[in-house]
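Following: one structure in structure tokens, then a few remarks.
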Amino acid sequence: MSALLEHLNPEQRAAVTLPHESALILAGAGSGKTRVLTTRMVWLIQSGQVSPHGILAVTFTNKAAKEMMTRISAMLPINTRGMWVGTFHGLANRLLRTHWREAGLPQSFQILDSADQLSAIKRLMKSLNIDTEKYEPKKVQRFINGHKEAGRRAKDAEAFDEYSMRLAEIFEAYDAQCQREGVADFTELLLRSYELLYRNEPLREHYRDRFKHILIDEFQDTNTLQYRWLKLFAGPHTALFAVGDDDQSIYAFRGANTANMAEFEREFAHGNVIKLEQNYRSHGHILTAANTLIAQNAHRLGKNLWTAEGEGEPIRVFDAYSDQDEASFVVDEVRALNREGVNLSDMALLYRSNAQSRVLEHALFSASVPYRVYGGLRFFERQEVKHALAYLRLLSNPEDDGAFLRVVNFPTRGIGARTLEQLADTAARSGASLWQAACTASGKVAGFAKLVEAIKQVVVDLPLAEAIDHVIEASGLADFYRADKDGADRLENLNELVNAAALFEESSGEEAEEKTLESFLAHAALEAGEHQAGLGHDALQLMTVHAAKGLEFHAVFITGLEESLFPHEQSANEENGLEEERRLMYVAITRARRRLYLSHAQSRMLHGQIRYGMPSRFLDELPEQVLLNLNRRSEPAPQPNYSAPRSPQPANDTGYKVGQSVAHAKFGTGIIIDFEGRGSDARVQVKFRNVGTKWLALAYANLSAV
DNA sequence: GCGTGACATTTTTTT
DNA sequence: AATGTCACGC
């Protein structure tokens with residue numbers, strides 16, 4: 001027992017050994033949050049206060065859930081089966097699979113991912129003859145999800161004008177369509193299980209009685225519905241242990257409600273708050289920068305990180321001429337660090353938006369620096385995999401019109417839009433599903449129905465992996481991609497799908513979960529899979545700042561630190577948008593253990609045209625004494641290494657050029673973005689930091705170079 | 001039913 | 001710049 005607590009600091013130990021009551025743990029970046037969470041669970045079990053059966057632990061990502069299970073198994077010799085550890089959605093799914101009848105769902109209900117949901121919405125709107133120009137399907141999707149995430153059904157959606165009333169109608173029709181087809185989108189999993197427990201008192205009491213301890217990771221990311229969902233599970237004898245960091249809340253844009261933390265403190269923790277402020281990750285200067293930056297946010301619970309380590313290196317700031325210049329600077333530094341012995345995989349190249357990776361990738365590729373980009377299309381989201389899964393969905397649940405439409409003419413069987421329209425008509429008239437209508441149809445559609453029926457006959461007795469293999473062959477998917485000259489990768493992915501199914505069958509799920517086709521489909525929907533197969537070799541890590549949350553690296557490069565990029569211009573329109581951007585910057589800074597680079601470019605290719613941006617305000621918000629400006633070296637000329645790729649602007653007779661930083665007595669600092677005239681008529685267009693863009697006559701403006 | 005070109009669109013992302 | 005969507009014609 002004591003060995004368990006030995007390596008914890010006093011605050012961590014206090015958190016781990018809290019008595020059976022609710023508490024809020026404010027855990028700063030790098031303060032050992034996951035460690036506290038997992039150690040607490042082990043401590044509770046080892047000290048006999050609760051059996052694994054009585055614990056519910058919730059995370060946001062599958063990765064975090066797995067990490068937690070791995071750590072617990074390492075600490076606990078006994079088996080951890082019976083513990084409910086998983087994501088909100090995974091646990092909600094588990095609940096609904098167990099109580100499908102009470103929840104009003106078919107036993108083999110399918111899960112729609114975001115893309116499936118969007119196509120379901122499009123299909124619905126088409127059948128209702130709704131103008132998709134006026135009501136964009138994506139906006140409809142956001143409307144529906146937004147309401148569901150706040151715990152509202154269509155009837156509860158506020159609608160005071162014609163537009164929102166129409167949206168609410170679509171919302172209602174969408175839910176009806178899902179119900180008819182036996183499918184549930186991600187948020188529906190949560191809302192439906194919430195409603196299930198809310199309405200079903202015996203069931204609610206059962207779970208409230210069962211779970212003595214509920215532990216929640218990344219609590220700052222919970223949305224309104226998730227918080228309510230948790231509260232339903234909390235009976236009078238349940239202790240809620242919420243771990244979070246309000247300063248790292250960067251998902252408000254997808255519904256995370258930071259107010260949940262303050263609310264939790266009031267409703268449950270009652271002042272039982274422990275702050276973990278000792279950081280074990282970064283050196284002093286890096287933390288000072290992070291602390292100073294985040295202190296400028298007004299809405300905080302308050303927290304200040306400190307470290308027992310020394311100050312360490314200063315933070316290196318680089319002012320590049322262009323995005324390409326910035327990229328080659330990064331390449332040079334990465335190589336130098338790598339030569340010094342830092343693994344490429346221990347360095348991260350961060351940016352605000354995915355579009356920025358292109359230039360960086362290009363430079364890395366040219367310099368033959370191995371790198372790996374995170375983000376993008378994931379395994380179970382690939383079209384060939386989705387096609388195969390759609391066949392499986394149709395086998396499992398014939399009511400699933402979405403799955404039907406996805407595969408009815410893929411590979412092509414000569415069943416076109418017209419035919420399908422007629423089929424949909426027939427189905428609608430008799431209130432039947434497309435599949436049912438197809439079974440009584442003739443011609444090509446009947447052929448398709450026969451094919452699927454035949455597949456079903458064969459597959460019913462086969463183990464999962466073989467069944468999927470058969471589906472891929474018999475459906476014609478394999479032949480289709482074999483015939484396609486660019487189909488090799490896709491074939492390989494289909495093969496990989498069979499492997500994934502085999503792996504899934506072997507894996508030991510919690511509570512002897514049955515390895516059915518249905519559970520595999522749920523697995524595929526809930527765990528979209530790793531982004532791209534990393535080849536395991538040492539590679540520089542490229543990702544957005546969002547994707548870097550929870551990770552740490554020896555060296556971190558934060559690039560593109562320009563106004564309108566980071567902070568992003570869109571954030572200016574959002575309530576508290578700037579504060580969220582600042583938290584994002586805080587997350588980025590605190591990823592670094594030893595070395596941190598901040599860079600910005602004076603010009604950047606964006607959306608096909610050159611943009612001139614001012615350095616990010618976040619750079620000004622950092623304390624100067626921890627910064628090292630790499631541009632202000634004693635050499636008169638810019639560093640030759642870094643200036644190589646830039647094409648110098650031709651000088652003109654005024655001494656000013658486009659892209660140059662200048663200062664004006666009244667307007668402050670800015671950047672020259674255009675130029676016209678010559679001699680005494682010369683005028684420049686300057687984009688000022690604070691007052692916008694202005695044309696100035698050089699003869700009068702009295703600009704000075706910065 | 002499918003290929004082609006015009007046209008818009010462009011933050012962040014998990015489940 | 002690059003990507004996706006959609007209408008149109010074969």
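Order of the sequence lines sets the chain letters (A, B, ...), proteins ahead of strands, with each chain counted from 1.
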Please state whether the phosphate of B:dT12, meaning OP1 or OP2, lies under 4.0 angstrom from any side-chain nitrogen or oxygen of A:N354. yes
Rounded to whole angstrom units, what separation is found between the CD atom of A:E580 and the C1' atom of B:dT11? 11 Å
Is there side-chain contact between A:Q226 and A:H89, with heavy atoms separated by less than 4.5 Å? yes
Does A:A417 reach a base, just sugar-phosphate, or nothing at all? Heavy atoms under 4.0 Å. sugar-phosphate
Give me, pair by pair, the N or O atoms of the protein and of nucleotides 6-10 of chain C that are less than 3.5 Å apart, along with how far apart they are.
none

Hey, does the side chain of A:R254 come within less than 4.0 Å of B:dT11's phosphate (OP1/OP2), counting only N and O? no
Whole-Å distance, A:E569 CD to B:dT10 P, equals 12 Å
Side-chain heavy atoms of A:V330 within contact of A:Y597, under 4.5 Å: no
Does B:dC2 have OP1 or OP2 sitting under 4.0 Å from an N or O in the side chain of A:T412? yes
Hey, does A:T187 reach any base, or is it just sugar-phosphate, or nothing, if we go heavy atoms under 4.0 Å? nothing
Taking the minimum atom-to-atom distance to the side chain of A:T61, which one of B:dT14, B:dC2, B:dT13 wins? B:dT14
Just compare C:dA2, B:dT13, B:dT15 and give me whichever is closest to any side-chain atom of A:T544. B:dT13
Tell me whether the centres of the aromatic rings in A:F480 and A:F410 are closer together than 6.0 Å. yes
Quickly work out the A:N62 CG to B:dT13 C1' distance and round it to whole Å. 14 Å
Report yes or no: is the ring centroid of A:F60 under 5.5 Å from the six-membered base ring centroid of B:dT14, with the two planes under 30 degrees? no
Select base, sugar-phosphate, or nothing to describe what A:D185 touches, counting heavy atoms under 4.0 Å on all strands. nothing
Below 4.5 Å, heavy atoms only, C-beta onward: do A:F504 and A:S519 meet side chain to side chain? yes
A:E381 has its side chain closest, among B:dT15, C:dA2, B:dT12, to B:dT15
Among the nucleotides B:dT15, B:dT12, B:dT10, which one has an atom lying closest to any side-chain atom of A:S353? B:dT12
If I take atom CG in residue A:L565 and atom P in nucleotide B:dT10, what distance separates them, rounded to the nearest angstrom? 16 Å
side-chain hydrogen bond (donor to acceptor under 3.5 Å, both in side chains), that's the test. Do A:Q220 and A:E218 meet it? Break it down for me. CA-CA 5 Å; A:Q220 76 281 356; A:E218 306 274 17; 2.7 Å; yes
What nucleotide among B:dT13, B:dT15, B:dT11 has an atom nearest to a side-chain atom of A:R352? B:dT11
Can you tell me how far P of B:dT13 sits from OH of A:Y374, to the nearest Å? 14 Å
Which part of the nucleic acid, if any, lies within reach of A:E188 when heavy atoms closer than 4.0 Å are counted: base, sugar-phosphate only, or nothing? nothing
Using whole Å, what does the distance between atom P of nucleotide B:dT11 and atom CD1 of A:I558 come to? 21 Å
Length of the line joining A:H607:NE2 and C:dA2:P, which is rounded to integer Å: 14 Å
Any stacking of A:H568 on B:dT11, going by centres under 5.5 angstrom and planes within less than 30 degrees? yes
Residue mapping more 5' on DNA chain B - nearest nucleotide basis, A:T419 or A:L584: A:T419
May I ask you to say what A:D221 touches in the nucleic acid, namely base, sugar-phosphate or nothing, with a heavy-atom cut-off under 4.0 Å? nothing
Working to the nearest 0.5 Å, report the span between CZ of A:F233 and CG of A:L240. 11.5 Å
Measure from NZ or CZ of A:K231 to the centre of the six-membered ring of A:Y227 and say whether it is under 6.0 Å with the direction within 45° of the ring axis. yes
Separation of atom CD in A:Q117 from atom P in B:dT15, rounded to whole Å: 16 Å
Can the positive tip of A:R582 be found less than 6.0 Å from the middle of the six-membered ring of A:Y586, inside 45° of the ring normal? no
Assess whether salt bridge (charged side-chain N to carboxylate O under 4.0 Å, His left out) is satisfied between A:D400 and A:R393, documenting all intermediate values. CA-CA 7 Å; A:D400 191 340; A:R393 273 168 55 180; 2.9 Å; yes
A:Y251 near the nucleic acid: base, sugar-phosphate alone, or nothing, with a heavy-atom cut-off under 4.0 Å? sugar-phosphate
When you check the phosphate oxygens OP1 and OP2 of B:dT14, does a side-chain N or O of A:N223 lie under 4.0 Å from one of them? no
Taking donor-acceptor contacts at under 3.5 Å, does the side chain of A:S571 reach the base of B:dT11? no
